[in-house]
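This report concerns only the one structure given below.
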2 protein chains.
Amino acid sequence: MREYVRSLVTGSAPGSPAPSERELVHRFGVARMTVRQAMDALVVEGLLERIPGRGTFVARPRRTASRITSYSEEMARRGMLAESQTLLARREQAGPGVARALSLTEGDAVIHWRRLRRADGVPMCIEDAYLNEVLLPGFLQSGMPTSLYDALESRGLRPSWAEDSINADRGNAEECGLLEVEPGSPVLRHSRRAIAGDKVVEVSRTVYRADRFTLWVQLGQDG
Amino acid sequence: MREYVRSLVTGSAPGSPAPSERELVHRFGVARMTVRQAMDALVVEGLLERIPGRGTFVARPRRTASRITSYSEEMARRGMLAESQTLLARREQAGPGVARALSLTEGDAVIHWRRLRRADGVPMCIEDAYLNEVLLPGFLQSGMPTSLYDALESRGLRPSWAEDSINADRGNAEECGLLEVEPGSPVLRHSRRAIAGDKVVEVSRTVYRADRFTLWVQLGQDG
DNA sequence: TAGTGGTCTAGACCACTAT
DNA sequence: TAGTGGTCTAGACCACTAG
């Protein structure tokens with residue numbers, strides 16, 4: 001019956017009334033507490049809204065804050081073709097900064113994966129990803145995947161939390177060369193610390209061509 | 001009794017057991033459904049976690065995604081003193097871009113408020129805010145407030161949703177002059193469309209000194 | 001086997017809204 | 001005044017976990 005109410009609700013205009021609790025009691029021949037519990041779940045989901053004394057109504061769809069997206073997902077959203085070229089993929093010893101960000105000890109083994117990423121065939125960014133080797137046994141040996149986030153997901157390590165920092169800068173000579181822009185061109189630097197459960201699964205630094213990339217973020221007060 | 005359980009939970013280590021439902025039934029002399037409803041509220045709040053067959057436990061605190069913060073709040077978070085200097089505050093007719101962003105018609109009256117904002121006495125950014133005059137009657141006449149978001153909040157218009165875009169650029173001559181940096185210095189451009197309920201309450205464009213400002217964003221998969 | 005949360009019953013009274 | 005959601009009672013059976 002949860003599903004019955006859901007089907008009534010899906011496609012209904014926000015604000016339109018849902019069946020009253022007592023009506024569903026009669027229609028399904030169940031107790032009112034049963035109906036309430038079913039509807040409660042839909043209220044928590046944000047599909048229904050109760051107004052005491054008036055009734056239960058289809059809620060205005062919740063706006064959803066930005067999700068954690070991969071480069072491929074992000075470019076797909078922009079209608080662009082994402083391609084990546086691995087510049088470097090090897091085992092390294094964590095330096096102080098990477099160790100701290102990955103919650104490791106300096107010198108611990110990490111995977112360093114550097115890629116030049118294109119959109120519609122034109123350079124878009126250079127990404128340096130650092131991964132905790134302990135969480136990804138055999139990662140380097142098994143051939144690099146197309147999508148890091150898909151690879152993490154298949155191991156149950158899809159990040160559910162990310163701490164990003166973003167600033168503007170000028171690209172250095174190497175960066176500008178790879179990105180195919182004039183030396184000193186403006187770039188957007190994006191650092192990410194991505195967490196799955198309690199584990200830091202990815203630390204990355206990405207440098208975007210400022211002329212090709214604008215970051216979009218949606219923030220909600222509710223969630 | 002909701003408050004009793006909340007008080008037990010607040011300060012308890014995540015993972016520690018909460019009283020069982022039947023124990024609370026005996027302790028308070030109420031029906032079990034009553035206990036469940038009280039605990040349900042705490043589960044929805046994220047304070048408790050149920051594990052069928054095992055019990056109810058104090059949940060690991062939810063990570064909360066970035067909230068919508070004002071400049072003053074943001075600088076306070078960084079431990080810096082925020083100051084603002086109004087460069088311009090007047091009624092204008094909305095141009096095509098601002099009209100679209102504010103969900104108005106071109107030529108409608110908007111308030112344009114330009115401020116140079118300092119942190120610890122040094123220029124940090126220039127913000128151009130555009131406000132729907134219809135939502136803020138007498139705003140210009142009543143003297144500009146210290147904080148736009150406080151002023152919006154006092155009118156019940158605290159934004160609960162924001163659509164931001166961020167990119168890197170070089171500052172133009174005027175911007176660099178006001179920001180007291182070399183002409184052509186890198187800047188971070190931040191645009192915001194802030195919404196309260198159904199109404200667009202603020203559209204702004206801010207240009208930050210890249211050498212002083214890094215944007216921090218936290219993203220969650222849950223909310 | 002004892003204890004837990006998940007679900008359900010068949011009522012009840014309350015405060016509130018709309019007519 | 002009729003209808004709504006909010007809260008509550010005093011039970012019940014189930015599936016699951018743990019010792």
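So that the names make sense, note that chain A is the first sequence line, chain B the second, and so on, each numbered from 1.
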Run Arg6(B) and Glu45(B) through salt bridge (Lys or Arg N to Asp or Glu O under 4.0 Å) and show every step you take.
CA-CA 11 Å; Arg6(B) 192 196 302 276; Glu45(B) 265 187 64; 2.8 Å; yes

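Contact between Asn167(A) and Phe213(B) at its shortest, heavy atoms only, is CB-O, 3.7 Å.
No cation-pi contact links Arg193(A) to Trp161(A), judged by a cut-off of 6.0 Å to the six-membered ring centre and 45° from its axis.
Contact check, Ser20(A) against dG3(D): no side-chain N or O comes under 4.0 Å of OP1 or OP2. Contact annotation: Arg50(A) reaches the phosphate of dG6(D) (side-chain N/O to OP1 or OP2, under 4.0 Å). Residue Thr34(A) places at least one side-chain N or O under 4.0 Å from the OP1 or OP2 atom of dT9(C).
The partner of dG19(D), taking Watson-Crick or G-U wobble pairs whose two distances both stay under 3.5 Å, does not exist in any strand shown. Of all nucleotides present, only dA2(D) satisfies the Watson-Crick or G-U wobble test against dT17(C), with each distance under 3.5 Å. When Watson-Crick and G-U wobble pairs are counted only if both distances are under 3.5 Å, dT9(D) pairs with dA10(C).
Residue Phe28(A) contributes atom CZ, which lies 12 Å from atom P of dC8(C) at whole-angstrom precision. Straight-line distance from the NE2 atom of His26(B) to the C1' atom of dG11(D): 12 Å, rounded to whole Å. The CD-P distance, from Glu21(A) to dG11(C), rounds to 17 Å in whole Å. At whole-Å resolution of the value, CG in Leu24(B) and P in dT4(C) are 10 Å apart. Here dG5(D) presents its C1' atom at 12 Å from CZ of Arg54(A), a figure rounded to the nearest Å. As rounded to whole Å, 18 Å separates atom P of dA12(D) from atom CE of Met33(A). Atom CG of Leu48(B) and atom P of dG6(C) are 11 Å apart (whole Å). Computed from coordinates, the Gln37(A) CD to dC14(D) P distance equals 18 Å when rounded to whole Å.
For the side chain to side chain donor-acceptor pair (under 3.5 Å) test with His112(A), the passing option among Arg91(A), Glu92(A), Arg90(A) is Glu92(A); the others fail.
Nearer to the 5' terminus of DNA chain C, by closest-nucleotide assignment, is the contact made by Pro52(B) (compared with the other of Pro52(B) and Pro52(A)). Positionally, the nearest nucleotide of DNA chain D for Val35(B) lies more toward the 5' end than for the other of Arg32(B) and Val35(B).
For Ser191(A) and Arg205(A), the side-chain atoms include no donor-acceptor pair closer than 3.5 Å.
Residue Arg36(A) places no side-chain atom within donor-acceptor reach of the base of dG5(D), judged by atom type and a 3.5 Å distance cut-off alone. For Arg22(A) against dG5(D), a side-chain N or O and a base N or O form a donor-acceptor pair under 3.5 Å.
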